[in-house]
Amino acid sequence: MKTNFTKAFIALAFAAVLISCSKKEEGENVPENPGNFILAVTPVASTGVADYLLTASDLEKGTISTAGNGVEQDGTYRYYVTHNNKFFSMLYGQGNPGAVTTYNILAGKLNKVSNFQTETVQAFAPVNDDLLLVKIPRNLAAPTANWYKVNTNSLLISGEGTLDATLPANNGEIAHFSWIKQVGNKVYAPFFCIYGSRFWTKYPNTAWIAVYSYPEMKLEKVIKDDRTSFIGRYFTDGLGVVENGDVYAFSTSVAVDDNTETTDVLTDSKITSTKPSAITKIKAGTTEFDLTYFLDFESASGGYAITNWIYIGGNNFIVNAVLKANKGAYTVGKTIGVLNVVDKTFKKVSGLPAESAVSSVTTNNYTPKDGKLAYMGFNLSDGTSYVYKIDAATATATRGLKVEGGVITAVQHLK
């Protein structure tokens, strides 16, 4: 994350747009099940692991495999987003520039339309016809954030700029965006504060959202709420915009601070948030938290904390949750439930494997946004992986497509 992103580098990186590569170079093979659903799968291997993209025509039945199939990606630790009917595969470069490969689907097969490099970024989201990418600093001595706009029609960077990452919090700590989201014609950037690279903070009990103009990315205001801890989590979208324009925000309540009694990088911190995991609201057309709305998720769920969600329409979210006693800064909940933010109801989903049998659950999932259905990947401890259909109306799950030879990391769809 130290590389300077110069205009010359941008021009060089995008010279590769719309070029063709041989199947051998791309790792492409004929997919076993052509279709418009895309599954990212990390093969089972101890070294040299790279994600594969597989296609499928149906998520509710059948079997697909990484054996001799799919499009091999350039490295693992990839993140995926669909926008403008294109699928973007983004490599987390862990300090180095990361490759971004763009695909569409032709006759049920992935078709590569561009390949370029950008800085490794920590937040990205569709805004208008663009993908907005933000690289966020972790050093108070160098608190400049960089943003880039990728036009999803031309597949070129159409704008870039910098932000002062200490300005939104105005408390001596860096505002680290947990994610970004378009709300109306603005960009909302919920953030947590950090004063060290391990994400420590002295401000564990406040939720903030920085509101930026677009496309200028000028900070217009910061809205805050002291009823919860910060919104979302690292690399986790904590905002959901429903059909009437209202915005809902979840907090897991997992802010951490220095614990000098330990030295391990993963345990050298302690949760200091004292607020409950909860959902708050911003009414459509306003830029303030609605103080008449508050959903204590821990109470509504019987002792759980929300760790992720996907909006499926009709005021319904499918959520990942974990027992409050087991929550952590990076823990992904294996309990799946249906949350209606208007009715303030939560129902656990039945029909899923026992949590003790689940190795991981995907957090990048597909919904037709019909208010009813979501499709999520479950990777089991016995090495098998399946897509499950979640029905919000009945709060039930049905086992569907089996994926052999790897761990599901994303489930998406293109027209």
Side-chain angles (χ1 to χ4, degrees), residues 14 17 36-38 40 53 78-92 98-105 110 113-116 118-136 145-161 163 177-191 209-218 231-232 235-243 245-249 282 284 308-313 317 362-370 374-375 409-415:
F14 278 88
V17 172
N36 288 62
F37 294 103
I38 303 170
L53 300 181
R78 280 191 171 264
Y79 300 93
Y80 306 98
V81 60
T82 58
H83 187 38
N84 200 11
N85 207 36
K86 298 180 180 70
F87 181 89
F88 294 85
S89 171
M90 307 174 69
L91 177 67
Y92 190 85
V100 179
T101 309
T102 312
Y103 301 91
N104 60 15
I105 285 187
L110 285 167
V113 295
S114 74
N115 190 36
F116 54 88
T118 73
E119 287 273 19
T120 289
V121 297
Q122 291 76 36
F124 53 88
V127 181
N128 297 337
D129 282 339
D130 303 323
L131 279 182
L132 177 63
L133 318 174
V134 186
K135 178 185 177 183
I136 307 161
N146 298 85
W147 58 266
Y148 314 99
K149 292 190 304 172
V150 178
N151 184 280
T152 59
N153 294 309
S154 66
L155 298 177
L156 295 171
I157 288 184
S158 58
E160 60 177 305
L163 306 171
F177 301 166
S178 56
W179 207 243
I180 52 177
K181 184 176 288 291
Q182 180 174 2
V183 178
N185 62 355
K186 309 295 183 185
V187 171
Y188 278 29
F191 62 87
I209 300 176
V211 179
Y212 290 91
S213 64
Y214 196 80
E216 302 85 5
M217 289 299 291
K218 300 297 184 184
I231 295 166
F235 235 86
T236 302
D237 184 1
L239 295 181
V241 183
V242 303
E243 285 82 354
D246 289 347
V247 181
Y248 291 88
I282 301 164
N308 198 26
W309 65 8
I310 177 174
Y311 183 58
I312 67 171
F317 290 80
T362 57
T363 56
N364 186 336
N365 298 300
Y366 168 68
T367 172
K369 290 193 174 179
D370 57 1
Y375 295 85
T409 58
V411 183
Q412 288 294 314
H413 178 266
L414 292 181
K415 296 178 182 178

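Please read these numbers as outputs of a predicted model, since none were measured by experiment.
- The line from CG of Asn84 to CG of Asn104 is 10.5 Å long, rounded to the nearest 0.5 Å.
- Under the 30°/60° scheme for interplanar angles, the aromatic rings of Phe317 and Trp309 are found to lie parallel.
- A donor-acceptor pair shorter than 3.5 Å cannot be found between the side chains of Gln412 and Tyr375.
- Heavy-atom minimum distance, Val134 versus Val121: O-CB, 3.3 Å.
- A donor-acceptor contact closer than 3.5 angstrom links the side chains of Thr101 and Asn115.
- With no hydrogens or angles considered, a side-chain donor-acceptor pair links Asn128 and Gln182 at under 3.5 Å.
- The two residues Tyr212 and Met217 make their nearest non-hydrogen contact at CD2-O, 3.6 Å.
- No side-chain heavy atom of Val150 sits less than 4.5 Å from a side-chain heavy atom of Ser158.
- Nearest heavy atoms, Leu155 versus Lys86: CD2-CD, 4.2 Å.
- In this structure, His413 and Asn36 have side chains that are in contact, with non-hydrogen atoms separated by less than 4.5 Å.
- We find the CZ-CE distance between Arg78 and Met90 to be 9.5 Å, quoted to the nearest 0.5 Å.
- Side chains of Ile209 and Leu239 form a contact here, defined as non-hydrogen atoms less than 4.5 Å apart.
- Side-chain contact of Tyr214 with Asp130: a donor-acceptor pair under 3.5 Å is present, judged by distance alone.
- Taking CH2 of Trp147 as the start and CG of Leu163 as the end, the distance is 8.0 Å to the nearest 0.5 Å.
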Item to check | Test log, rule side chain to side chain contact (heavy atoms under 4.5 Å, CB included), inputs Gln122 and Lys135 | outcome: CA-CA 6 Å; Gln122 291 76 36; Lys135 178 185 177 183; 3.9 Å; yes
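- Separation of atoms CG (Leu133) and OH (Tyr148) is listed at 8.5 Å; rounding is to 0.5 Å.
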Next on the checklist: Working note: Tyr366 + Ile310, criterion side chain to side chain contact (heavy atoms under 4.5 Å, CB included); need CA distance, chi angles, decisive distance, verdict.
Outcome noted: CA-CA 8 Å; Tyr366 168 68; Ile310 177 174; 6.0 Å; no
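- Residues Tyr248 and Tyr311 place their aromatic rings such that the two centres sit no closer than 6.0 Å.
- Between Leu132 and Val187 the shortest side-chain heavy-atom distance falls below 4.5 Å.
- The shortest non-hydrogen separation linking Trp179 to Phe124 is CZ2-O, 2.9 Å.
- Across all non-hydrogen atoms, the minimal contact from Gly238 to Ile231 is O-CG2, 3.6 Å.
- Aromatic pair Tyr80/Phe88: centroids not less than 6.0 angstrom apart.
- Side-chain N or O atoms of Ser213 include one that pairs as donor or acceptor with a backbone N or O of Lys218 at under 3.5 Å.
- Rounding to the nearest 0.5 Å gives a distance of 10.5 Å between CG of Asn364 and CZ of Phe235.
- Contact annotation: the side chain of Val241 approaches that of Lys181 to within less than 4.5 Å [non-hydrogen atoms, C-beta and beyond].
- Annotation: the span from Ile105 atom CD1 to Leu414 atom CG amounts to 4.5 Å, rounded to 0.5 Å.
- At distances below 3.5 Å, not a single donor-acceptor pair connects side-chain atoms of Thr102 with backbone N or O atoms of Val113.
- Looking at every heavy atom in both residues, Ile180 comes nearest to Ala125 through O-CB, 3.3 Å.
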